[in-house]
Amino acid sequence: MTQIALSNLGKKFGAFTALAQMNLTIGDGEFVALLGPSGCGKSTTMNMIAGMVAPTEGDIRFDDRSILNVPMSRRGVGFVFQNYAIFTHMSVRDNLSYGLRAQGVSTPERNRRVSAMADLLQLTPMLDRQAAGLSVNILQRLAIGRSAVVEPAIFLLDEPLSNVDAAFRSVMRSELKELQRQFSQTMVYVTHDQLEAMTMADRIAVMDHGKLLQVGTPLEIYNNPQDIFVARFIGSPGMNILEGRIAQSDKGKLVDLAVIGRSAPLILSGRAAIEDLPEKILFGFRPEQVNPDPNGTLALPVNFVERIGARSILHLGADSMGVKAVLDNQITLPNIGDILRFSIDPKKVRLFDPVSGNAVGGAD
Amino acid sequence: MILLLLAISLVPTLWMLSMAFKPIAEWSASGAELTWWPKSPTLDNFRFIFGQSSSELIVSLERTAARPIMASLLAASFGTLIAMTAGTAAAYGLSRFGKGSNLPLALIQLRLFPPMAVMIPLMIMWAFLGLIDNWFGLAVVYGIVTLPFAFWLMKTFFDDMPREIEDAALVEGCSRLRVFTRITLPMMRPALASSALFVFILNWSDYLIALLLTTRDWVTIPVYMTSLSSSMTGQLYGAKAALGLIAAIPPVILGIAIQKHLVRGLTFGALKE
């Protein structure tokens, strides 16, 4: 029920810049995931929104009101921590009602909301148990409930699922989505797990080294990475990136992948074919786009095969290049040492400037 | 091996236990043989230190043990209270806000001096203040002397406690003070209990400070213990053993009372992650 606007937000710890020039507007009721490797500044951003850390530059606005001078207890945000931060000396019920009590909510109202939240999160059977002895999964559920029960307009979650086990993670993903549907809060979710970001978020903000690299819907980020880091980071495995050269031929503009020796050039299509491109280029394609084809213009030896159930990941080419291909198990897989001939739909190719790392040539 | 170590560490305690209940003939050298266990157990030693002269011991005491026991209890408890209150507050401030970062070293420095070097000037100061032979004066010194221990113990416990727990309460609209009293302190109960026990035992067993700062009315148990002798009889070992047994009671009771917390205190840091 609140829009969050970060403008030129920055944080320095001494000489170390944790976050620089962050500009992001999170819409009312939107679910935004801050995604990036550890140390990318995503948690710092979150802590600044909550008020635990003061920014060294820039501004944070909730609905056009700067909240930099508002102490964290008055910002009206809910915060879920990675390590739950459960008050272990209290019962589950006391934990759930803690925020309501601090806000002076009347007893009948408090009881009503606590039991409603306990029902929603299936905590009712253990309401009167001490929090100290509960399992990690229950603790995190309780932590989410404790923050959600005060119905904050802004709900911040800092890697809430990274300590719980894999099976429970998928349960919690749908429960969190359900929670947001019910209360329609503005949600900011910090994670390093792209699966969580992809499945839950309306928009994903990818960060690295204190910089915001790209903001977009999960599909936009996946299909059209604006930056070579985003291209490699999103997807599992990430996008293959090869060095190439742009050349002209009678069939049109093409990428010469001479660097992998055995491969023949690939003709470009779409905007990439007409746009002005630097001569040296980074050539990117998703492992899923590798299409085994006896007449394909590209060929690489198979080094290693990882079988992961319905699909297999093939490691191709010389070890330094690390080209990967994801293939269905329906087709006959090549053996180690075989040469895999393949083609790539030129429309699915993404090109990057090797100097700036930015995407060039557009996408279809 | 374990049994041997157990025997070595338990024998002196058991010897005291046995001594306390022996009649004079058995604990003094006059009985030619060594008795391991009292042959005719008696409470004479206890009666003696509380003022009833026994038939066999002709000496009678100038003062009974009642007053020193009270002095010890008052001084040690109040000293523990002072050390724990100040130590906990200081440790919290330093651990959470980084204020007073020179404090830890300064407090440790206090312990680097040989106690005697500090005690004499202190004694003169206390004499000026009229705090000599006064349980309160003794308690204040105990509080000061054990403050570094309370501070250091509590600081490690506070450092181990995840900040997120307090942040979580703050975000939900609690004031700093309320967070401290409602969340931090209750969660630190095991830590507080184990630190307090440690500090109390230090205070309880002090001899040097009490010897210098008390003269007559408020001597403590350890000081009083040395007066249990006479030129006629020499050391009154039976009476000493009886007093020693009594002196062991408060720490043991305290220890049992907070045993549940002690076990948690030892594993405190491991509980969170």
Side-chain angles (χ1 to χ4, degrees), chain A residues 43 46-47 49-53 70-91 94-105 130-134 136 139-140 142-152 154-160 162-163, chain B residues 84 88 91-93 95-99 101 154 156-196 257-273:
Chain A
S43 289
M46 187 84 121
N47 290 345
I49 298 174
M52 281 169 238
V53 175
V70 181
M72 65 168 132
S73 54
R74 304 217 184 292
R75 289 193 185 185
V77 301
F79 202 112
V80 177
F81 294 85
Q82 182 179 352
N83 62 355
Y84 343 117
I86 288 300
F87 310 138
T88 44
H89 63 294
M90 295 181 180
S91 67
D94 287 344
N95 265 287
L96 279 178
S97 62
Y98 191 84
L100 297 172
R101 208 182 289 263
Q103 291 180 0
V105 174
Q130 274 309 105
L134 298 174
V136 163
L139 282 180
Q140 194 53 281
L142 173 57
I144 291 167
R146 190 184 63 194
S147 298
V149 77
V150 294
E151 294 173 19
I154 294 171
F155 204 22
L156 308 172
L157 299 104
D158 190 355
E159 308 212 12
S162 52
N163 285 11
Chain B
M84 286 306 296
T88 303
Y92 186 72
S95 178
R96 284 293 179 274
F97 307 105
K99 299 277 188 258
S101 48
M154 289 312 295
T156 42
F157 285 125
F158 280 130
D159 287 348
D160 281 350
M161 179 173 164
R163 291 186 76 126
E164 285 88 348
I165 292 183
E166 289 179 356
D167 283 340
L170 283 171
V171 151
E172 286 185 18
C174 256
S175 69
R176 212 8 120 165
L177 186 69
R178 242 181 87 115
V179 170
F180 184 66
T181 54
R182 296 289 167 80
I183 303 289
T184 313
L185 282 186
M187 289 193 77
M188 295 297 269
R189 235 176 342 216
L192 285 166
S194 40
S195 308
I258 63 175
Q259 190 184 29
K260 193 181 79 189
H261 294 316
L262 274 181
V263 178
R264 261 206 66 195
L266 296 174
T267 59
F268 188 71
L271 274 176
K272 294 296 159 343
E273 297 299 317

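Here is the naming used below: chain letters follow the sequence lines, and residue numbers restart at 1 for every chain. Below, each value reflects all heavy atoms present in this structure, side chains not excepted, and no hydrogens, waters or symmetry copies.
The two atoms that bring A/Arg146 and B/Ala168 nearest to each other are NH2-CB, 3.2 Å, heavy atoms only. In plain terms, the two heavy atoms of A/Ala102 and B/Arg178 that are nearest each other are CA-NH2, 4.5 Å. The minimum heavy-atom distance between A/Asn83 and B/Pro162, with the atom names listed, is ND2-CB, 3.7 Å. Scanning all heavy atoms of the two residues, the minimum distance from A/Phe87 to B/Met187 falls at CA-SD, 4.2 Å. Nearest approach of A/Met72 to B/Leu170, heavy atoms of both residues: CE-CD1, 3.5 Å.
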Full working for side chain to side chain contact (heavy atoms under 4.5 Å, CB included) between B/Val171 and A/Arg75: CA-CA 8 Å; B/Val171 151; A/Arg75 289 193 185 185; over 6 Å; no
Side chain to side chain contact (heavy atoms under 4.5 Å, CB included) between A/Phe81 and B/Asp167, worked out: CA-CA 9 Å; A/Phe81 294 85; B/Asp167 283 340; 3.6 Å; yes
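Heavy atoms of B/Arg182 lying under 4.5 Å from chain A belong to its backbone as well as its side chain.
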